[in-house]
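When reading the values below, keep in mind they use all heavy atoms of this one structure, side chains included, and skip hydrogens, waters and symmetry mates. Convention: sequence-line order gives letters A, B, ...; per-chain numbering from 1.
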Amino acid sequence: MILGVLKETDDRRVAVVPQVAKKLKDLGLELMIEAGAGTGAGYRDADYADLAKVVARDTLIQQADMLAVINQPDAALLDHVPAGKYLVSSFAPFMDDSVVEDLKRRSLHAFSMDMIPRTTLAQSMDVLSSMASIAGYKAVLKAADHLLKYFPMMITAAGSIKPAKVLVIGAGVAGLQAIATARRLGAVVEAFDTRSAVKEEVQSLGARFVEVEGATEDAAAGGYAVAQSEEYMRRQRELVQERARSANVIITTAQVRGRKAPVIIPADTVEHMQPGSVIVDLAASTGGNCALTQNDQVINHNGVTIIGDSDLAGDMPQDASFLYANNLLNLLKIMIKDGELALDLENEIISSACITK
Amino acid sequence: MILGVLKETDDRRVAVVPQVAKKLKDLGLELMIEAGAGTGAGYRDADYADLAKVVARDTLIQQADMLAVINQPDAALLDHVPAGKYLVSSFAPFMDDSVVEDLKRRSLHAFSMDMIPRTTLAQSMDVLSSMASIAGYKAVLKAADHLLKYFPMMITAAGSIKPAKVLVIGAGVAGLQAIATARRLGAVVEAFDTRSAVKEEVQSLGARFVEVEGATEDAAAGGYAVAQSEEYMRRQRELVQERARSANVIITTAQVRGRKAPVIIPADTVEHMQPGSVIVDLAASTGGNCALTQNDQVINHNGVTIIGDSDLAGDMPQDASFLYANNLLNLLKIMIKDGELALDLENEIISSACITK
Amino acid sequence: MDQLIQFYNQNDLLIWLLIFTIILGFEVISKVPSVLHTPLMSGANAISGIVIIGAIVLIRQAAPDDYVTLGIGTLGIVLGMTNVVGGFAVTNRMLEMFKKKK
Amino acid sequence: MDQLIQFYNQNDLLIWLLIFTIILGFEVISKVPSVLHTPLMSGANAISGIVIIGAIVLIRQAAPDDYVTLGIGTLGIVLGMTNVVGGFAVTNRMLEMFKKKK
Amino acid sequence: MEFQFFIDVALLLAAIMFIIGLRRLSSPDTARTGNLLAAFGMGVAIIAMLIYPLHSATNNYLWIAGGMVVGSVIGQQAAMKVKLTAMPQLVSLFNGFGGACAVLLGFIELYKATHGQSQPGVGELLIVVFTLLVGSVSFTGSMLAFAKLDGRVKDRKVTFRNHQYLNMAFIAITLGMSVYIAVAYPAVSFGLVIAFIIVSLIYGFSFVAPIGGADMPVVISLLNSFTGLTAAAAGLIYDNQIMLLGGVFVGAAGTILTVLMCQAMNRSLLNVVIGGFGSSASSIAPGATGDKVARSITPADAAILLYYSKSVVFVPGYGLAVAQAQKDCKELDELLEANGVSVKYAIHPVAGRMPGHMNVLLAEADVPYPKLLDLDEANPIMDQTDVVVVVGANDVVNPSAIDEPGSPIYGMPVLEVWKAKNVIVMKRSLSVGYAGIDNPLFYHERNHMLFGDAKQSMQELAREVKEL
Amino acid sequence: MEFQFFIDVALLLAAIMFIIGLRRLSSPDTARTGNLLAAFGMGVAIIAMLIYPLHSATNNYLWIAGGMVVGSVIGQQAAMKVKLTAMPQLVSLFNGFGGACAVLLGFIELYKATHGQSQPGVGELLIVVFTLLVGSVSFTGSMLAFAKLDGRVKDRKVTFRNHQYLNMAFIAITLGMSVYIAVAYPAVSFGLVIAFIIVSLIYGFSFVAPIGGADMPVVISLLNSFTGLTAAAAGLIYDNQIMLLGGVFVGAAGTILTVLMCQAMNRSLLNVVIGGFGSSASSIAPGATGDKVARSITPADAAILLYYSKSVVFVPGYGLAVAQAQKDCKELDELLEANGVSVKYAIHPVAGRMPGHMNVLLAEADVPYPKLLDLDEANPIMDQTDVVVVVGANDVVNPSAIDEPGSPIYGMPVLEVWKAKNVIVMKRSLSVGYAGIDNPLFYHERNHMLFGDAKQSMQELAREVKEL
Ligand SMILES: NC(=O)c1ccc[n+]([C@@H]2O[C@H](COP(=O)([O-])OP(=O)(O)OC[C@H]3O[C@@H](n4cnc5c(N)ncnc54)[C@H](OP(=O)(O)O)[C@@H]3O)[C@@H](O)[C@H]2O)c1
Ligand SMILES: NC(=O)c1ccc[n+]([C@@H]2O[C@H](COP(=O)([O-])OP(=O)(O)OC[C@H]3O[C@@H](n4cnc5c(N)ncnc54)[C@H](OP(=O)(O)O)[C@@H]3O)[C@@H](O)[C@H]2O)c1
Ligand SMILES: NC(=O)c1ccc[n+]([C@@H]2O[C@H](COP(=O)([O-])OP(=O)(O)OC[C@H]3O[C@@H](n4cnc5c(N)ncnc54)[C@H](O)[C@@H]3O)[C@@H](O)[C@H]2O)c1
Ligand SMILES: NC(=O)c1ccc[n+]([C@@H]2O[C@H](COP(=O)([O-])OP(=O)(O)OC[C@H]3O[C@@H](n4cnc5c(N)ncnc54)[C@H](O)[C@@H]3O)[C@@H](O)[C@H]2O)c1
């Protein structure tokens with residue numbers, strides 16, 4: 001079976017890196033990679049030389065049995081792919097389930113990495129986690145770069161500088177990593193989340209948990225946050241507004257799977273913030289947690305910088321590709337036997353990932 | 001006496017911030033500030049309202065007795081300034097001493113902040129230190145933002161990531177701050193300097209000191225590095241080359257006061273570096289420590305990003321302005337009595353700073 | 001009461017000695033890390049095998065044809081000796097893990 | 001030699017008692033934090049004032065007109081009593097700083 | 001004359017050796033030499049008493065020699081062959097022998113007295129009877145303790161309802177008989193003596209019967225101090241100073257030791273002796289269910305285990321983060337390294353609650369990167385590791401992932417800590433981790449649970465290690 | 001008969017109280033009650049011996065009462081009035097009194113013997129002579145130790161070259177005279193006795209003379225155990241068990257204590273006794289020059305100072321960074337906070353070698369930001385601070401910046417730590433910092449130098465604080 005790795009559009013990442021290519025070959029797979037696919041991530045075509053055939057895009061699409069691409073393939077690409085092929089990517093069917101029908105119509109077999117359950121066992125294939133982790137780290141670096149101030153406290157001969165106050169909203173994987181990174185840089189960190197279970201996790205990273213009482217919990221949602229009541233949202237907005245006034249940096253990661261992201265920071269909160277502050281909105285692609293967020297843009301509102309970017313992982317393509325490739329490898333390990341597909345649809349991971357079954 | 005604060009050109013900093021304006025008034029000074037001077041640094045004109053007259057540039061130049069501006073005033077500005085006025089800025093006479101003649105010709109009295117001795121006593125007025133410190137911090141943030149990898153070590157379900165290796169060349173104020181910041185972010189840090197005295201300082205920050213034996217020392221140079229022999233430079237280049245091959249990030253701060261910066265990283269070293277690596281050259285304005293550095297530009301050479309920027313302090317204008325303003329305040333404290341100039345030319349600090357005496 | 005006083009007067013040194021011995025017994029065992037509880041117990045147990053001396057004295061003073069005494073005494077020696085030898089030996093084995101490193 | 005043996009045989013219990021007392025003295029002082037060295041020394045010093053008992057016995061057995069003995073004995077009592085009372089009192093003052101806080 | 005003097009001095013020296021020996025036995029560094037010193041003292045005492053000039057000595061050295069050889073061989077063999085885990089029962093057995101020896105001595109005295117061979121006074125008789133009574137309890141009690149420890153007797157089999165009352169009755173009967181024998185003598189028949197001995201022996205069983213198996217070490221220590229007292233009493237019978245003082249000394253030391261052992265278990269002695277089964281549960285791991293028993297370990301024991309090992313691997317988990325114990329862990333690491341123990345950290349990829357969680361913590365504590373091993377580096381060295389310390393980790397060290405195909409985490413690579421020679425798991429209870437599944441590691445034979453908040457446990461470990 | 005028995009028992013109890021009292025004195029928690037118990041025991045012993053039925057007792061209670069009242073008042077007053085710092089000399093004085101008491105007892109015995117009032121045997125004479133000799137040394141030795149400690153005598157004034165040989169001669173002479181008196185008796189004149197006493201008294205001075213002032217505590221402890229031995233000897237003279245055992249007990253305990261004190265100073269006893277001045281220098285600050293003397297402090301004393309204070313401020317400097325002692329500093333901080341001490345950090349703007357250097361370090365050690373005070377916050381609270389601990393800082397706490405107009409740093413704001421009630425400066429020597437100028441703080445009257453690497457000193461402080 002031939003696995004083909006496509007070059008991404010508008011993304012420097014690549015689905016397979018040389019270190020992992022070796023292990024894929026050990027699974028019995030043959031590899032093909034589009035020329036220049038890894039360049040943006042710091043992997044030269046030469047690095048793949050002994051491991052994969054480096055070919056042109058069209059050849060690859062025609063010859064490979066299975067195509068690996070990180071970003072959801074657009075219609076233009078799908079139109080090129082012959083029926084019967086396998087696709088591994090993230091299709092986000094929970095946002096728009098028409099994608100499944102479309103794929104079925106095209107007779108393509110699709111595995112969606114973002115449908116892999118968030119269980120302990122599936123951790124090693126969980127691209128949401130590995131990418132969110134990078135995003136959280138990067139969010140803090142971006143914020144620190146845009147902030148007009150120091151993060152750490154500094155008592156110097158030219159005056160004493162207070163540590164930056166960082167507010168993290170949503171303490172999922174990205175949020176926790178943001179907390180850890182901000183703390184590393186010396187900021188005073190507070191965090192919010194609707195799931196009270198994460199309180200302990202937030203504290204385990206040395207940050208303060210800001211509690212809004214009365215959050216709706218739903219253990220059945222498998223760890224994902226559930227939508228909250230109006231009253232709760234109001235009280236939360238109030239508390240956030242109060243905290244935001246003193247925060248120098250706000251990093252928002254609050255998402256509810258399959259829905260628009262909740263708006264937690266309305267425009268007038270932003271107006272109350274000190275000039276020079278920074279908001280990094282990782283939920284930008286699903287509407288943003290801040291009312292003023294423009295997806296994929298950096299705007300300045302009354303001196304407050306608002307960075308709307310949900311794809312920060314793409315900004316650190318080398319490690320991001322390495323982690324993604326490992327996730328892919330681990331998924332393929334349970335799908336492939338001796339170089340051929342051997343799907344066990346009883347397996348919870350495979351049955352979740354395979355959206356066109 | 002009226003102190004006038006000009007808006008900088010191409011720089012978001014401002015020489016006086018509201019917190020310090022108050023203290024300047026306590027010295028008996030009257031204050032004037034150019035409209036919009038603080039905006040870029042997060043200080044609105046309104047913030048100065050009770051403390052200074054906010055006026056237009058021309059009015060200010062005419063009415064103020066003493067003008068404070070951070071960056072060296074260009075000829076265009078100097079042409080406007082009436083004779084007999086006092087100027088406080090950084091004139092870098094050690095780089096080009098014609099500036100002194102020029103000022104004298106114009107009958108301007110100039111105090112150069114960068115001529116203040118680097119003694120313990122003068123620390124509180126030492127803008128070189130306060131700005132270099134910011135530059136060191138920012139250099140690491142820039143590097144981390146451009147690096148395609150994580151800084152810290154990460155053992156995750158999607159693979160283990162090694163910590164980034166950071167090499168700091170020149171462990172002066174900026175270099176030390178860079179070391180501290182990189183260590184905070186979890187990198188493995190090594191540092192070079194020709195002054196062996198800083199070895200202990202480097203180690204006191206938890207980094208490894210890479211020693212090149214045989215450095216020329218000159219204690220008489222007042223703490224500044226002296227030019228090194230050719231043989232020494234050759235051996236150093238070799239060692240740097242060897243280290244650079246494994247480094248993910250190089251931050252260079254090596255400067256020799258009054259001369260072109262030594263070239264420590266030649267082009268072929270850069271070519272040996274891993275793709276995705278980053279070089280931040282803080283010595284860019286004096287020619288750069290890396291042969292390929294382009295001042296004030298970010299270039300990509302064979303996958304290696306080279307950032308040439310000697311004014312990183314300007315990138316964090318809020319705190320930079322605050323620190324600069326305090327330095328200025330501390331200098332004026334020894335120059336002003338009851339609101340009027342009272343120069344004690346016996347005072348080492350004043351006599352060094354006053355370049356037109 | 002008189003008997004008691006008489007007894008004390010006859011044996012005052014012995015009584016002081018006994019009391020000091022008890023205090024010593026208490027003092028000697030103080031702040032023992034709990035890992036040493038078992039070896040210490042075992043060592044103390046071996047010392048309590050001192051009772052064997054009674055059996056020795058008994059036999060040494062028995063008539064050579066007093067087989068009851070000799071037999072029982074010898075049994076006593078066997079038991080006591082097992083206690084003493086086994087006790088110290090097993091303690092020693094327990095303590096092998098504390099051998100100094102290096 | 002014979003004298004020694006005789007002495008031992010007459011005083012064996014006393015000798016055991018003395019030896020056990022010495023061991024007790026050693027045992028009792030072990031692992032003392034160095035801050036307690038001075039108070040401990042001071043307390044031990046006060047106890048060594050027990051020598052005053054000698055002076056008491058001396059006076060109690062002196063003839064009422066034996067002024068040499070009485071005078072010297074009384075001086076001894078003054079000295080000894082100073083040692084005892086002063087010793088314990090000063091130890092107590094030293095130890096005041098160890099009063100439990102709170 | 002001179003000869004006897006030297007022997008007297010030798011006996012004094014033997015006594016001093018006992019004292020110093022036991023003293024040294026109470027600290028790990030000197031324990032071995034202490035034991036040897038005490039043993040040497042015992043040798044001196046025995047030899048001294050073998051050659052001591054006794055009046056009317058017929059010596060009968062052959063009998064003595066025979067007995068000594070047989071006893072030595074038995075003791076030596078038993079001590080050498082016993083498994084490490086069976087040592088406590090062996091000590092109990094030995095102690096019973098000591099008690100039995102005293103019983104025989106007392107028996108002989110009463111035999112002689114009731115057969116007209118001697119006419120002891122009330123005082124002497126009281127001493128003899130005391131020897132018999134306490135010796136008997138020590139003997140049969142130790143035997144039962146041995147059987148219980150060895151698993152030969154199940155607790156419930158030997159206990160009656162309201163066993164305390166039975167024991168009280170025994171106390172009353174034996175004491176009554178003791179006094180009667182002493183006072184009524186010479187109007188005492190040999191049969192009564194036999195009856196007294198039998199009742200005393202039964203009381204010994206009955207005394208130990210209601211005490212739970214887990215409390216046996218305390219009981220053995222108590223019985224050991226009983227044996228010491230009988231030796232002292234026998235010393236009075238034979239007017240023998242070293243027996244008297246040695247016995248009293250061991251009696252006192254044994255009593256304090258018993259109290260210390262109770263304290264270490266957070267119990268009172270009374271509670272142990274009459275408490276019976278109810279309380280014995282407390283020494284078994286909290287939450288132990290069914291057949292599986294998780295053994296717990298005290299910080300002191302864990303510290304020794306760590307201190308005397310060559311290589312230690314810490315396995316941090318989410319609990320380390322919750323307890324914020326990273327710096328304390330580093331401190332313990334440094335202490336161990338300073339004592340020549342090599343210390344590493346094995347980081348499981350999903351330990352904690354976010355990718356790299358453990359890295360963040362350990363970087364905060366300044367653990368050098370080369371000490372961190374990932375899964376692939378750690379597993380191969382597990383079997384050469386002396387002690388693995390699992391600090392607040394659970395799912396990532398769960399053997400079900402490897403050998404329980406039905407488990408929700410079956411197939412996930414985990415840190416195979418159970419391959420190490422010893423495992424210590426630090427957590428607050430036996431409760432589950434994130435994945436919500438039980439962890440068979442806790443019940444593994446080489447595992448010890450160190451219960452408590454990880455930060456506190458770490459600090460206690462450090463304190464104990466410093467004391468070694 | 002009965003009466004005497006009760007007194008005997010009381011004496012036994014007194015002896016036990018001495019033992020337990022001293023035992024409790026060796027641990028901080030129980031020390032006070034231990035002292036009281038020992039004092040109570042002493043009271044019991046004295047009262048018992050006051051009423052003990054003695055044969056041919058004339059009692060002379062008035063004399064006794066008078067002496068006791070006078071002695072009590074003196075002792076009590078002296079103990080209450082003495083300054084805390086002068087306590088060691090007072091102990092020395094008291095010890096000397098005890099020795100003198102023994103000398104008087106011995107003198108009386110020899111007075112009687114040489115005036116035909118008694119005919120003691122050789123053994124008794126040896127004991128008396130021993131009492132006299134050792135008591136004399138203890139008496140005059142303690143007096144000299146007192147004078148040295150009190151600063152009344154300068155070391156050099158009382159020492160000769162090769163003083164050891166002089167002392168050896170003294171030993172030979174006094175021993176010779178002792179034996180002669182015992183053996184030649186009754187051919188011994190009262191004059192010889194007087195001469196013997198005088199020589200012994202001089203020997204006492206000479207014994208202590210070469211020992212440096214800093215070693216005096218050890219010497220006092222040694223002399224104290226001498227006094228114990230004389231008490232024991234006196235117990236033999238008067239055939240008094242409690243004196244004998246009490247004296248022996250204190251003698252043994254004092255000896256061990258002396259050894260422990262030497263160990264704590266890393267010296268051997270021999271080294272102290274014959275070492276003389278050579279070694280005493282080690283306890284004086286290295287680098288002290290001219291008139292200025294920097295007082296050094298031991299970690300133990302520094303720990304007490306910290307433990308019993310209400311507020312502590314750490315002043316970190318470049319030395320903290322060099323020693324990488326930030327985490328140890330945080331640990332000490334936590335220990336102190338746990339004991340109710342409020343701890344802050346005063347950060348000077350130019351401390352270290354780069355702006356914010358101290359912030360970096362303290363953030364690494366996770367010191368919460370609110371604990372950090374900058375110059376403007378710290379200086380106003382200095383005078384309410386009990387102890388300021390300067391950790392490897394120098395220039396930033398240099399008072400010359402304020403009161404020495406010629407100084408290169410004159411005019412720089414510094415942390416005015418000398419305003420605090422106590423200052424402890426931790427550094428390795430008295431050498432200068434970055435600015436290369438001398439620091440008068442080191443010689444300030446309220447300052448104590450704790451010499452050594454900051455990391456090690458911090459760890460020692462933490463260890464000592466834990467022991468309190
Ligand atoms: N790494 C990731 O990205 C990530 C993200 C989300 C979830 N997860 C999941 O989290 C789990 C991680 O495994 P793990 O072994 O690290 O943790 P775990 O399985 O959740 O176990 C943690 C253990 O720590 C103990 N603990 C908690 N607080 C403690 C304290 N103060 N002192 C001592 N012990 C304490 C708890 O036991 P007691 O209550 O008995 O003390 C608990 O059993 C995996 O199942 C993983 O899939 C990982
Ligand atoms: N903050 C900045 O940006 C900056 C930059 C450059 C220079 N400076 C200058 O550096 C100075 C800073 O003042 P400071 O008080 O922090 O430092 P300092 O005056 O340089 O004194 C540091 C002291 O630490 C002691 N020390 C060194 N290693 C030690 C160790 N391992 N353990 C214990 N003590 C140790 C040294 O004394 P021993 O040798 O006796 O131990 C030394 O006297 C100022 O003069 C300042 O102007 C500051
Ligand atoms: N089993 C494993 O090992 C494993 C690994 C990774 C993640 N997970 C779990 O998966 C789940 C999802 O993680 P994720 O990072 O993808 O989450 P996510 O990106 O879906 O959401 C981010 C966070 O935002 C929070 N949030 C949602 N609405 C909010 C609101 N209105 N206000 C404040 N916060 C709000 C959520 O509670 C969540 O913590 C988590 O429970 C995580 O623990 C498990
Ligand atoms: N007294 C004070 O409190 C105080 C405060 C700040 C700085 N200073 C001193 O001022 C001096 C200058 O500091 P700076 O940061 O402005 O220095 P700088 O910017 O002039 O130089 C930066 C560093 O580069 C090093 N360097 C020069 N040539 C090199 C080469 N070829 N290879 C490697 N390294 C080379 C120098 O040694 C120096 O450490 C330092 O000695 C510093 O300690 C003193």
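- Across all their heavy atoms, E/Thr58 and C/Pro64 have their closest contact at CG2-CD, 4.0 Å.
- Contact annotation for E/Gln241: only side-chain heavy atoms (C-beta onward) come within less than 4.5 Å of a heavy atom of chain C.
- For the set E/Asn59, E/Leu25, E/Leu54, E/Leu62, the entry with the most heavy-atom pairs within less than 4.5 Å of chain C is E/Asn59.
- For chain C, the nearby part of E/Tyr238 is the side chain; its heavy atoms alone come within less than 4.5 Å.
- E/Thr298 contributes atom OG1, which lies 3.0 Å from atom CG of E/Asp301 (distance to the nearest 0.5 angstrom).
- Contact count versus chain C (heavy atoms, under 4.5 Å) is highest, among E/Gly99, E/Ser56, E/Ala232, E/Gly247, for E/Ser56.
- Here C/Leu40 is the residue among C/Leu40, C/Val84, C/Ile22, C/Leu14 with the most heavy-atom pairs under 4.5 Å with chain E.
- If you measure heavy-atom distances from E/Leu36 to chain C, the contacts under 4.5 Å come from the side chain alone.
- In this structure, chain C has heavy atoms under 4.5 Å from both the backbone and the side chain of E/Asn35.
- Of the two parts of E/Ala39, the backbone and the side chain both hold a non-hydrogen atom closer than 4.5 Å to a non-hydrogen atom of chain C.
- Considering only heavy-atom pairs separated by less than 4.5 Å from chain E, the leading option among C/Thr69, C/Val57, C/Leu58 is C/Leu58.
- In this structure, the portion of C/Leu36 lying under 4.5 Å from any heavy atom of chain E is its side chain and not its backbone.
- No other option in C/Gly54, C/Gly43, C/Gly76, C/Ala89 has as many heavy-atom pairs under 4.5 Å with chain E as C/Gly54.
- Proximity to chain E involves both the backbone and the side chain of C/Ala55, based on heavy atoms less than 4.5 angstrom apart.
- Among the candidates C/Thr91, C/Ile50, C/Leu17, C/Leu24, the residue making the largest number of heavy-atom pairs closer than 4.5 Å to chain E is C/Ile50.
- E/Ile64 touches chain C through backbone and side chain together, each having a heavy atom under 4.5 Å away.
- C/Phe20 does not touch chain E: none of its heavy atoms, backbone or side chain, sits under 4.5 Å away.
- Only the side chain of E/Tyr111 comes within contact range of chain C, with heavy atoms under 4.5 Å apart.
- Side-chain atoms of C/Ser48 and E/Thr227 form no donor-acceptor pair, as typed in the model, at a separation below 3.5 Å.
- Ring pair E/Phe190/E/Phe107 is tilted by interplanar angle, where 30° to 60° counts as tilted.
- The main-chain N or O of E/Leu50 is found under 3.5 Å from a side-chain atom of C/Arg60 such that the two form a donor-acceptor pair.
- Side-chain atoms of C/Ser42 and C/Asn45 form no donor-acceptor pair, as typed in the model, at a separation below 3.5 Å.
- A salt bridge is absent between E/Lys310 and E/Asp386: the closest approach of a Lys/Arg side-chain nitrogen to an acidic carboxylate oxygen does not fall below 4.0 angstrom.
- When the candidates E/Asn60, E/Val250, E/Thr131, E/Val91 are compared by the number of heavy-atom contacts under 4.5 Å with chain C, E/Asn60 comes out ahead.
- Interface remark: of the candidates E/Ile20, E/Leu244, E/Thr258, E/Leu244 forms the most heavy-atom pairs closer than 4.5 Å to chain C.
- Counting heavy atoms of neighbouring residues, nucleotides and ligands inside a 6.0 Å radius, atom CZ of E/Phe40 does not exceed 12 of them.
- The most heavy-atom pairs under 4.5 Å with chain E, out of C/Ile56, C/Ile47, C/Leu75, come from C/Ile47.
- With a 4.5 angstrom heavy-atom cutoff, C/Ile23 does not touch chain E via any of its atoms.
- Heavy-atom pairs under 4.5 Å with chain C were tallied for E/Gln263, E/Met42, E/Arg24, E/Arg23; the largest tally goes to E/Met42.
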* To do: Under the side-chain hydrogen bond (donor to acceptor under 3.5 Å, both in side chains) rule, what do E/Asp29 and E/Ser27 come out as? Steps first, then yes or no, please.
  => CA-CA 6 Å; E/Asp29 267 0; E/Ser27 133; 5.6 Å; no
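- Ranked by heavy-atom pairs shorter than 4.5 Å toward chain C, the options E/Gln76, E/Glu109, E/Met68, E/Glu464 are led by E/Met68.
- Of the possible polar contacts, none joining the E/Arg32 side chain to the C/Arg93 backbone as a donor-acceptor pair under 3.5 Å is found.
- With a 4.5 angstrom heavy-atom cutoff, E/Leu105 touches chain C only via side-chain atoms.
- In this structure, the portions of E/Ile242 lying under 4.5 Å from any heavy atom of chain C include both its backbone and its side chain.
- Of the candidates E/Cys262, E/Ser221, E/Ser225, E/Leu257 forms a side-chain contact (heavy atoms from CB on, under 4.5 Å) with just one, namely E/Ser221.
- Proximity to chain C (any heavy atom under 4.5 Å) is restricted, for E/Ile108, to the side chain, taken from C-beta onward.
- Comparing C/Ile52, C/Val51, C/Thr82 by heavy-atom pairs within less than 4.5 Å of chain E, the highest count is held by C/Thr82.
- Heavy-atom contacts from other residues, nucleotides or ligands closer than 6.0 Å to CG of C/Asp65 number more than 12.
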